[in-house]
Amino acid sequence: MEPISLILTALVTGAGEATAGSLVKDIYQNLKALIKRKFADNSLANMILEEHEKNPKTYQEPLKEKLIEGGIDKDEEVIKKAEELLEKLKSEEAATGLNIKVSGDVKGSIGDKTNIKAGVIGDISGGKINQTF
């Protein structure tokens, strides 16, 4: 991925991760603060960065323009921070993945109902499920 796309992807993804862990949020805030420092003498660029967080579709191109104008798309420190954020997001996503396997038919009866099948239903986030019938 080219550096400008990497930086923009990290900013959009980091801003949109409401359920992310505190480390991801910290890395995102650090990336944003780093870019703000690089834009120190450009209040319009800083305003665009802030607005981009709220409305990325509208401010994507103007922010891209300002990042390129300021040479921030070539700044190694910013690129490394963007890579760190995307890597951490990827590892958090993998850590919260869940693989459920339900196999076989478990039949039984409840009251006058027969041939009731059992399984797993619901919203499950993390953990381990063991069922024995």
Side-chain angles (χ1 to χ4, degrees):
M1 184 183 297
E2 63 182 278
I4 189 68
S5 296
L6 175 82
I7 295 165
L8 289 168
T9 299
L11 287 169
V12 168
T13 308
E17 287 296 314
T19 60
S22 62
L23 182 57
V24 167
K25 290 177 184 175
D26 288 346
I27 297 169
Y28 168 72
Q29 289 302 326
N30 289 337
L31 173 62
K32 196 171 137 192
L34 178 61
I35 294 171
K36 285 181 93 160
R37 282 195 305 276
K38 305 283 180 181
F39 282 153
D41 297 330
N42 192 333
S43 59
L44 177 59
N46 269 313
M47 185 275 303
I48 290 170
L49 178 63
E50 288 300 320
E51 292 302 317
H52 179 264
E53 183 176 41
K54 299 173 204 163
N55 191 346
K57 285 182 183 178
T58 301
Y59 289 92
Q60 185 83 351
E61 283 306 312
L63 181 59
K64 180 179 180 179
E65 221 174 88
K66 293 299 178 189
L67 290 168
I68 292 169
E69 277 177 20
I72 295 169
D73 63 318
K74 293 175 179 37
D75 187 292
E76 286 301 314
E77 190 179 10
V78 172
I79 292 167
K80 285 182 182 177
K81 189 58 73 176
E83 287 172 339
E84 180 186 359
L85 175 60
L86 291 175
E87 225 12 77
K88 186 60 185 165
L89 281 165
K90 204 182 303 180
S91 67
E92 268 197 14
E93 185 179 285
T96 59
L98 182 64
N99 184 11
I100 298 174
K101 181 179 178 185
V102 178
S103 59
D105 286 339
V106 180
K107 297 180 181 178
S109 60
I110 300 174
D112 61 348
K113 306 282 185 195
T114 57
N115 293 325
I116 304 296
K117 292 187 178 187
V120 178
I121 299 173
D123 182 11
I124 303 161
S125 55
K128 187 175 184 176
I129 297 172
N130 292 315
Q131 278 188 303
T132 305
F133 294 95

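Residue indices begin at 1 and follow the sequence shown.
The cluster map of Ile, Leu, Val, Met, Phe, Trp and Tyr, joined by side-chain heavy atoms under 4.5 Å apart, puts L89 and L6 in the same cluster. I68 and V12 fall into different hydrophobic clusters, where Ile, Leu, Val, Met, Phe, Trp and Tyr residues are linked whenever their side-chain heavy atoms come under 4.5 Å apart, directly or through other members.
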Could you go step by step and tell me if L11 and L49 meet the side-chain contact (heavy atoms from CB on, under 4.5 Å) rule?
-> CA-CA 9 Å; L11 287 169; L49 178 63; 4.1 Å; yes
Would F39 and L67 count as a side-chain contact (heavy atoms from CB on, under 4.5 Å) if you check the C-alpha gap in whole Å, the side-chain angles of each, and the deciding distance to 0.1 Å?
-> CA-CA 9 Å; F39 282 153; L67 290 168; 3.8 Å; yes
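To the nearest 0.5 angstrom, K36 atom NZ is 9.0 Å from Q29 atom CD. With rounding to the nearest 0.5 angstrom, the CG atom of L8 is 9.0 Å from the CD atom of E2. If you take CD on E51 and CG on L44, they are separated by 11.0 Å, rounding to the nearest 0.5 Å. The distance from atom CD1 of I4 to atom CD1 of I79, rounded to the nearest 0.5 Å, is 9.0 Å. In this structure, CD on E77 lies 8.0 Å from NZ on K81, to the nearest 0.5 angstrom. M47 contributes atom CE, which lies 9.5 Å from atom CG of N42 (distance to the nearest 0.5 angstrom).
Applying the side-chain hydrogen bond (donor to acceptor under 3.5 Å, both in side chains) criterion to E83, with sequence neighbours excluded, gives no partner residue.
For the pair L31 and A10, the tightest heavy-atom approach, listed with the atom from each and the gap, is CD2-CB, 3.9 Å. Pairing each heavy atom of I72 with each of I7, the nearest pair is O-CD1, 3.6 Å. Of all non-hydrogen atoms in Y28 and E53, the two that sit nearest each other are OH-OE2, 2.8 Å.
By the 6.0 Å contact criterion, CG on D41 is open, its count of non-hydrogen atoms from other residues, nucleotides or ligands being 12 or less.
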